[in-house]
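A short worksheet on the structure shown next.
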There are 2 protein chains.
Amino acid sequence: MNGPEIERLIQLLSRLPGLGPRSARRVTLHLLKKRESLMQPLGAALADAARAIRACTVCGNLDTVDPCSICADPRRDQTLLCVVEEVGDLWAMERARIYFGRYHVLGGSLSALDGIGPDELNIGALVERVTAGGIREVIVATNATVDGQTTAHYLAERLAHAAVPLTRLAHGVPVGGELDWLDDGTLATALKARRAL
Amino acid sequence: MNGPEIERLIQLLSRLPGLGPRSARRVTLHLLKKRESLMQPLGAALADAARAIRACTVCGNLDTVDPCSICADPRRDQTLLCVVEEVGDLWAMERARIYFGRYHVLGGSLSALDGIGPDELNIGALVERVTAGGIREVIVATNATVDGQTTAHYLAERLAHAAVPLTRLAHGVPVGGELDWLDDGTLATALKARRAL
């Protein structure tokens, strides 16, 4: 009933994470109301980004240059390597401004349920980077989920021969978190890993 | 840190209704992962729609043709006019497939708080359409909000001289709704408007 242009737009928008058919319609109406100030710029920005952005062949980060600006930055510690599941995790680390080494993006985590094995992930390149030498620590920053931890253990096996220290992020009570709301697993981990006050 | 293309995309996406900076980042990552299958088509669809869609000069509906396909459809009852606030309301009526007359989109509702008076709405054209004759009923389908009802009463005043019957949608218990969850106002209205079983 809306003409093919609008229907196609609703259909594409409803494929975005967090948007269903209903919110996609709402977004479409909002865009149609702001054709000049939002719809056209957004269309152009999507086309620009789709054209310009590529995956870094070194670490898997997304950037307009290859190697990406993090890999190419000489001020970054080249002896530290942080392994993350997704580019979003890399962004989260960068937002926190607490890490100044380099990254390796796996592109996901091992998952028997989703049929994702080691060959689907960017693991071969990681093993090559680490065995090539010059790295003094690999920080495995996969998610604290079952799949993330499985992936971390698999990486430990694959990198055992390189004799490079592997570390993982600490588990515990999130800063600002209340014990009452915490799950038992986190609380148990936090108790076991308790430190001197 | 992400390059200007990505930052601009996040910034534009975060202006969509229902999306904040966090979900805009999530959507951006999803799009960057599906550059060929989703990002490029969405960019093109936005550009296409922004170019092709215009407001109907008769009723205010959005369509690729002017007058819109509803106004131009000779099978539609030309003596019935349904007044709605927004194009989204027109879409809702059309989805329900219960109305086969024509529409008039006001483009909002009167709102003292938002400084929206009669001149900001598509009311002049409505008065012209109704006084031009040939209409046997005007269904005022503004929202059942304070602003929507204010608008309905204002329209009744403005259209009083045309001597065309004005009606409004019935208020009451939504089909499938439970009394326990209903607000008192709706319940009172439903009781007053009760009908023979």
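Chain identifiers are assigned alphabetically (A, B, ...) following the order of the sequence lines, protein sequences preceding nucleic acid strands; residue numbering begins at 1 within each chain. Fair warning: this is a prediction, and the values are worked out from it, not measured in the lab.
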Would you name the heavy atoms of [X] and [Y] that are closest together and state the gap between them?
{"X": "A:A55", "Y": "B:R35", "value": "N-NH2, 4.1 Å"}
{"X": "B:R15", "Y": "A:S37", "value": "NH2-O, 3.6 Å"}
{"X": "A:L12", "Y": "B:A45", "value": "CD1-CB, 3.7 Å"}
{"X": "B:P17", "Y": "A:V27", "value": "O-CG2, 3.8 Å"}

ask   = Would you say A:L13 and B:L42 make side-chain contact, with heavy atoms under 4.5 Å?
value = yes
Test item: A:L19 and B:L16 side chains (from C-beta on) under 4.5 Å apart, heavy atoms = no
Are [X] and [Y] grouped together when hydrophobic residues (ILVMFWY) are joined by side-chain heavy atoms under 4.5 angstrom apart?
{"X": "A:V58", "Y": "A:V105", "value": "no"}
{"X": "B:V130", "Y": "B:L80", "value": "no"}
{"X": "B:L106", "Y": "B:I70", "value": "no"}
{"X": "A:V83", "Y": "A:Y154", "value": "yes"}
{"X": "B:M93", "Y": "B:L81", "value": "no"}

To the nearest 0.5 angstrom, please state how far the [atom1] atom of [X] sits from the [atom2] atom of [Y].
{"X": "A:R8", "Y": "B:L46", "atom1": "CZ", "atom2": "CG", "result": "10.5 Å"}
{"X": "B:W91", "Y": "A:T28", "atom1": "CH2", "atom2": "OG1", "result": "6.0 Å"}
{"X": "B:L31", "Y": "A:L62", "atom1": "CG", "atom2": "CG", "result": "11.5 Å"}

ask   = Are A:E86 and B:K33 ion-paired here, with the side-chain N under 4.0 Å from a carboxylate O?
value = yes
message = Which one wins on heavy-atom pair count under 4.5 Å against chain A: B:G18, B:P4, B:A47, B:P41?
response = B:P41
Exceeds 12 heavy-atom contacts within 6.0 angstrom, atom [atom1] of [X]:
{"X": "B:L191", "atom1": "CG", "value": "yes"}
{"X": "A:I98", "atom1": "CD1", "value": "yes"}
{"X": "A:H153", "atom1": "NE2", "value": "no"}
{"X": "B:R168", "atom1": "CZ", "value": "yes"}
{"X": "B:R22", "atom1": "CZ", "value": "no"}
{"X": "B:D183", "atom1": "CG", "value": "yes"}

key: Stepwise side chain to side chain contact (heavy atoms under 4.5 Å, CB included) check, B:I53 with A:E5   = CA-CA 8 Å; B:I53 305 293; A:E5 287 87 358; 4.3 Å; yes
request  = Select one option (side chain, backbone, both, neither) describing which atoms of A:S23 are under 4.5 Å from chain B's heavy atoms.
outcome  =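 Contact with chain B: none, neither part.
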Which atoms of A:A49 approach chain B - backbone, side chain, both or neither, heavy atom under 4.5 Å =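 Contact with chain B is through both the backbone and side chain of A:A49.
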ask   = How far apart are the C-alpha atoms of B:R25 and A:R95, what are their side-chain angles, what is the distance that settles it, and do they pass the side chain to side chain contact (heavy atoms under 4.5 Å, CB included) test?
value = CA-CA 12 Å; B:R25 266 203 304 272; A:R95 273 201 305 281; 3.0 Å; yes
ask   = When only pairs under 4.5 Å are counted, which of A:N61, A:V65, A:L38, A:V87 shares the most heavy-atom pairs with chain B?
value =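 Among the listed options, the one with the most contacts to chain B is A:L38.
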request  = Go through A:L9 and B:D48 one step at a time and tell me if the side chain to side chain contact (heavy atoms under 4.5 Å, CB included) criterion holds.
outcome  = CA-CA 9 Å; A:L9 190 55; B:D48 284 353; over 6 Å; no
